[in-house]
Each structure stands twice: as C-alpha cells, then as structure tokens.
Amino acid sequence: MTTHPALDLVDAIASQLADPDVSRSWAMPAYGQHLAYGPPGIALLHIERAARGLGSWQRVHDWLASASRQPLTSGPDSHPFYGAPALAHALACAADCLPGAYQSALDSLDRQIVIDVRRRLEAAHRRIDAGRLLRLAEFDAIRGLTGYGAYLLRRSPDGPTTRAVLDYCVRLTEPLTDQDETLPGWWTETGPSGNPDDRFPGGHANHGMAHGIGGVLALLALAARHGTVVSGHHAAMRTILTWLDRWETGPGPVWPYWITRDELRADRLTPPAPRRPSWCYGTAGLARARQLAALALGDTHRRIEAESALVAALTNADQPKDTTDKGLCHGFTGLAHLAARVADDAHATTVDRIRAAIPALLDKIHPSGAALGSGDPGLLDGAAGVALALIAPSTATPPRSAWDSCLLIA
C-alpha cells in the first residue's frame with residue numbers, strides 16, 4: 001500500500017484527541033452536539049481509524065458517549081450538523097462498521113429525524129406555494145433539507161421520507177417570479193451568510209456545496225446512483241447543470257461562488273470571478289457534484305469536463321494561491337480528499353492527472369508535534385478534519401466508513 005509521511009500527523013492528532021475529557025479541558029468549545037466543531041465530528045476520526053484496524057473502538061465509544069452526555073436537541077433548533085442528526089450521522093458510521101451496534105439509539109434518532117424532516121418539508125412547500133423566496137437554511141447541506149437527505153439516503157435509500165426530500169429538490173429547480181423577474185427556484189433574498197446584506201441587493205443564487213445548489217445536485221446524483229429516482233429527477237439535474245454551464249468561465253472551467261441580481265440582469269459575471277477552490281465553495285466541490293451527476297446521467301463528455309476542471313483548479317497557479325490553511329472545509333487536506341474521491345470514479349483519460357496532483361497538496365501539510373495548532377479539534381476547520389481528510393489520499397484507498405457522506409461527495 002502506498003503511504004505518505006502525512007500519516008504521522010494523523011497519528012499525532014488521534015493521540016491528542018484520544019480522551020474527550022482531556023480535550024474538552026483545553027480546546028473544546030461549547031459545541032457538544034455539533035458535527036463541525038464538537039465530539040460527533042471527532043468521533044468520525046476514531047471510527048475511520050478503528051475501521052482500518054489503526055485505532056481502538058473504545059475511543060469511538062468514549063467520544064460518542066461524550067456527544068450524548070447532554071439531552072439531544074431536536075426539532076427546529078437542530079439541523080444536520082447540530083443535535084440529534086449530528087450524533088445520528090456518527091452513530092450510523094460506527095454501526096456500519098460494527099453490525100448490530102447502536103441500533104436502538106439509531107432507531108430512536110431516525111424516528112425523530114423523520115418527524116423533523118416532514119415538518120421542514122411542509123414549511124418549504126408552503127413557502128413555494130406562496131411564491132416566496134427561500135432562506136439558505138431551508139435547503140443547504142449544513143442546516144437544511146439537502147443535509148437531511150444525505151443522511152436519509154444512507155439509512156433508508158428508498159424510504160418515503162427520502163423520496164419526499166428528493167421530490168422537494170426537484171421542485172426547487174422550478175423557476176420563481178419575483179418583481180416581474182424570473183429567478184431559479186433556489187434564489188435567496190439574503191446574502192451568502194443567510195442574513196440580509198446590503199452588498200447583495202435583490203439576493204443571490206448560491207452555488208456552494210455547503211450552502212448552495214451544488215449540494216442539491218450532488219444529492220440528486222448520489223440518489224440516482226443508488227437507484228432512488230423520483231419524477232423529474234434527471235430533468236432537475238440537467239436544469240442545475242445548464243445553470244452552471246451558463247456561468248462558467250475560464251480557464252478550467254471555473255464556477256463562481258454565487259450570482260448576484262445585477263449579474264443575472266446583465267447576464268455576465270462581475271470580475272474577478274475566480275476564487276479559492278474548496279469543498280464548501282468553488283470549483284473543487286462543484287467538480288465533484290458535476291462528476292457525480294454526469295455518472296448518474298451517463299454523460300461521458302460532462303464527466304471528463306468536470307474531472308479536468310478539478311485538475312485545473314489544483315494545478316493552475318491562479319486558483320489555489322488563496323488556499324492557506326490545512327482544513328477540510330476550505331484547506332489543502334479538503335482538496336486532497338476531494339481529489340482522491342474524484343479519482344476513484346474518474347475516466348481513464350483523466351484519472352492519472354488527478355492522482356498526480358495529490359502529492360503536491362499533501363506536501364503542504366507538515367507533520368509536527370503541534371498537531372492541533374490553533375486548538376480547534378473539530379471536523380470542518382480543525383484537527384479531526386485534517387486527520388480524516390489525509391487518510392484516503394495518503395493511503396490511496398477510499399474511506400472504510402461513510403464519514404464523508406455528510407459532505408455529499410460520496
């Protein structure tokens with residue numbers, strides 16, 4: 001098996017995050033139920049290492065217990081990365097590797113998640129029926145129905161609630177009219193933060209995997225590849241792809257993070273369009289979503305285009321120059337993990353170019369004794385995410401657990 005010295009950093013981080021009580025005393029913020037920052041996300045690191053025979057399942061149990069010490073948040077105050085759904089994702093990843101484990105807890109969490117999703121779906125359809133623009137938290141991967149869909153697709157691939165989420169995603173691609181202008185159905189009246197923003201008069205269309213239509217495209221594609229297809233499913237994917245085609249620019253191609261109302265009216269981007277590639281926003285995450293959609297649609301040309309776009313994003317000097325951190329969400333390890341995932345499904349004409357780009361990304365990660373650096377132990381921006389994202393590209397093997405399904409890349 002091919003390995004890389006960066007695995008030394010994985011081992012160092014796992015050791016420093018061995019005991020949830022020790023970690024909480026020096027670095028754990030008040031995010032006990034948060035997948036991005038707290039114990040559920042850190043548990044994923046230990047699950048993946050235990051599944052590979054590199055770590056102890058006891059560490060997994062300890063971190064899952066830490067995540068469930070307080071009553072779990074559910075209902076409107078929870079979302080895919082916080083509360084009951086966040087713990088459910090971690091438990092499901094462990095249960096996949098330990099058949100029979102955690103089933104009672106998962107069954108209970110799943111029942112609550114279905115109730116919460118159904119309430120969210122009812123509210124979303126009422127909003128669409130009324131012709132109102134959405135809020136990002138209604139549908140995005142972190143806080144919204146796309147993130148719930150990623151979980152449900154694993155737990156109940158053809159279940160009625162999973163299909164209902166997919167039906168909603170299809171409906172989201174139908175146009176809306178606002179102030180006599182035709183807008184894509186995912187247009188939001190706010191800025192990218194989800195709050196009113198004077199810099200975005202008239203709102204925007206968000207392209208990100210974390211907060212935009214990229215995540216919806218990935219969910220629809222993953223569902224289709226699992227064999228779960230609803231009415232209008234393929235047409236919805238093509239609608240999103242056509243929208244992204246409209247706004248691509250070069251070289252690469254490159255896709256902008258979002259489209260403003262002024263850009264929509266002018267039918268052109270306001271320079272500068274290229275931005276840092278990452279999972280959460282930019283060309284890297286969108287390349288994976290487009291690759292998955294192309295695979296689901298049997299579109300070889302689009303598949304090669306998406307994979308080539310990732311190669312360009314990783315190797316052209318103008319794109320990765322603003323990447324400065326190690327993190328999973330928008331750092332070098334996130335790019336390396338994405339590249340490894342894309343390579344696993346890549347066409348014969350592009351796979352070698354993708355894999356050739358990975359070592360340079362790994363070389364940006366310098367193993368050191370100060371593995372936790374800023375003290376953030378979490379998944380999205382912290383040490384646990386760095387370690388998890390290093391494993392697949394450093395070993396040239398896919399994850400043994402489904403830890404990254406919450407990112408809608410697999």
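Predicted model only: the values in this text are computed from it and were never measured.
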Given Asp178 and Arg132, is the salt bridge (Lys or Arg N to Asp or Glu O under 4.0 Å) satisfied, shown in steps?
-> CA-CA 8 Å; Asp178 180 66; Arg132 299 193 307 272; over 6 Å; no

Test side-chain hydrogen bond (donor to acceptor under 3.5 Å, both in side chains) applied to Ser308 and Arg353, step by step = CA-CA 8 Å; Ser308 298; Arg353 288 189 293 147; 3.1 Å; yes

Start with the C-alpha distance between Arg154 and Asp96, add both sets of side-chain angles, then the distance that settles salt bridge (Lys or Arg N to Asp or Glu O under 4.0 Å), and finish with yes or no.
-> CA-CA 10 Å; Arg154 289 178 55 218; Asp96 288 345; 2.9 Å; yes

Does the pair Asp77 and Tyr82 meet the rule for a side-chain hydrogen bond (donor to acceptor under 3.5 Å, both in side chains), with working shown?
-> CA-CA 8 Å; Asp77 292 330; Tyr82 182 76; over 6 Å; no

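The minimum heavy-atom distance between Leu269 and Pro256, with the atom names listed, is CD2-CG, 3.8 Å. Contact record, Ala343 with Val351: O-CG2, 3.6 Å, taken as the closest heavy-atom pair. Residues Leu335 and Pro277 come closest through the heavy atom pair CD2-O, 3.6 Å. Between Val10 and Ala387, the shortest heavy-atom distance links the atoms CG2-O, 3.6 Å. Among all heavy-atom pairs drawn from Ala141 and Leu408, the shortest one is CB-CD1, 3.6 Å. Contact between Ala94 and Leu64 at its shortest, heavy atoms only, is CB-CD1, 4.3 Å.
Atom CG in Leu172 sits 6.0 Å away from atom CG in Leu134 (nearest 0.5 Å). Interatomic distance, Leu217 CG to Thr146 OG1, rounded to the nearest 0.5 Å: 10.5 Å. Rounding to the nearest 0.5 Å gives a distance of 11.5 Å between OG1 of Thr228 and CG of Leu220. Rounding to the nearest 0.5 angstrom, the gap separating the CG atom in Leu379 from the SG atom in Cys406 is 6.0 Å. Put simply, CG on Leu297 and CG on Leu241 are 6.5 Å apart, with the number rounded to the nearest 0.5 Å. The distance from the NE2 atom of His207 to the OG1 atom of Thr283 is 11.0 Å, given to the nearest 0.5 Å.
In this structure, Thr173 contributes its side chain and Val170 its backbone to a donor-acceptor pair below 3.5 Å. Side-chain N or O atoms of Ser66 include none that pairs as donor or acceptor with a backbone N or O of Asp62 at under 3.5 Å. Side-chain atoms of His79 come within 3.5 Å of backbone N or O of Ile142 as a donor-acceptor pair. Side-chain atoms of His226 never come within 3.5 Å of backbone atoms of Ala223 as a donor-acceptor pair (strictly under, hydrogens ignored). Judged by distance alone, with hydrogens and angles left aside, the side-chain atoms of His204 form a donor-acceptor pair with the main-chain N or O of Thr190 at under 3.5 Å. A donor-acceptor contact shorter than 3.5 Å links the side chain of Thr333 to the backbone of Lys326. Side-chain atoms of Trp255 do not come within 3.5 Å of backbone N or O of Gly282 as any donor-acceptor pair. Ser394 places a side-chain N or O within 3.5 Å of a backbone atom of Leu390 that can act as its donor or acceptor partner. Panel note: side chain Ser108, backbone Ser104; no donor-acceptor pair is recorded below 3.5 Å. Side-chain atoms of Thr350 never come within 3.5 Å of backbone atoms of Ile304 as a donor-acceptor pair (strictly under, hydrogens ignored).
Here the rule is side chain to side chain contact (heavy atoms under 4.5 Å, CB included) with Phe81, and of Arg143, His34, Gln33, His89 only His34 fits it. Just one residue in the list Arg303, Glu307, Arg341 forms a side-chain hydrogen bond (donor to acceptor under 3.5 Å, both in side chains) with Gln291, and that residue is Glu307. Partner of Asn206 under the side-chain hydrogen bond (donor to acceptor under 3.5 Å, both in side chains) criterion, chosen from Tyr257, Trp187, Tyr281: Tyr281. Trp186 pairs in a ring pair (Phe, Tyr, Trp, His ring centres under 6.0 Å) with only one of the listed residues (Trp243, Phe139, Trp258), which is Trp243.
Here Asp245 pairs with Arg290 in a salt bridge; the nearest charged N to carboxylate O distance falls below 4.0 Å. The existence of a salt bridge linking Arg111 and Asp116 is excluded, since no basic side-chain nitrogen approaches an acidic carboxylate oxygen closer than 4.0 Å. Taking the charged nitrogens against the carboxylate oxygens, Glu138 and Arg120 have no contact shorter than 4.0 Å, which rules out a salt bridge. Between Asp21 and Arg69 there is a salt bridge, with a side-chain nitrogen of the basic residue lying less than 4.0 Å from a carboxylate oxygen of the acidic one. Arg59 and Asp19 are not joined by a salt bridge, as no carboxylate oxygen comes within less than 4.0 angstrom of a charged side-chain nitrogen. Salt bridge Arg118/Glu122: absent, no basic N to carboxylate O contact under 4.0 Å.
Side-chain contact annotation: Tyr37 with Asp381, donor-acceptor N/O pair under 3.5 Å absent. For the residue pair His301 and Asp299, no side-chain donor N or O sits within less than 3.5 Å of a side-chain acceptor on the partner. A donor-acceptor pair shorter than 3.5 Å can be found between the side chains of Arg52 and Thr397. A donor and an acceptor atom, one from each side chain of Tyr102 and His61, are located under 3.5 Å apart.
Annotation for Arg246: atom CZ counts as buried by contact number, over 12 foreign heavy atoms lying within 6.0 Å.
Leu44 has its side chain within reach of Cys93: a pair of non-hydrogen atoms, C-beta onward, lies under 4.5 Å apart.
Between Trp63 and His46, the ring-plane angle classifies as parallel under the 30° and 60° cut-offs.
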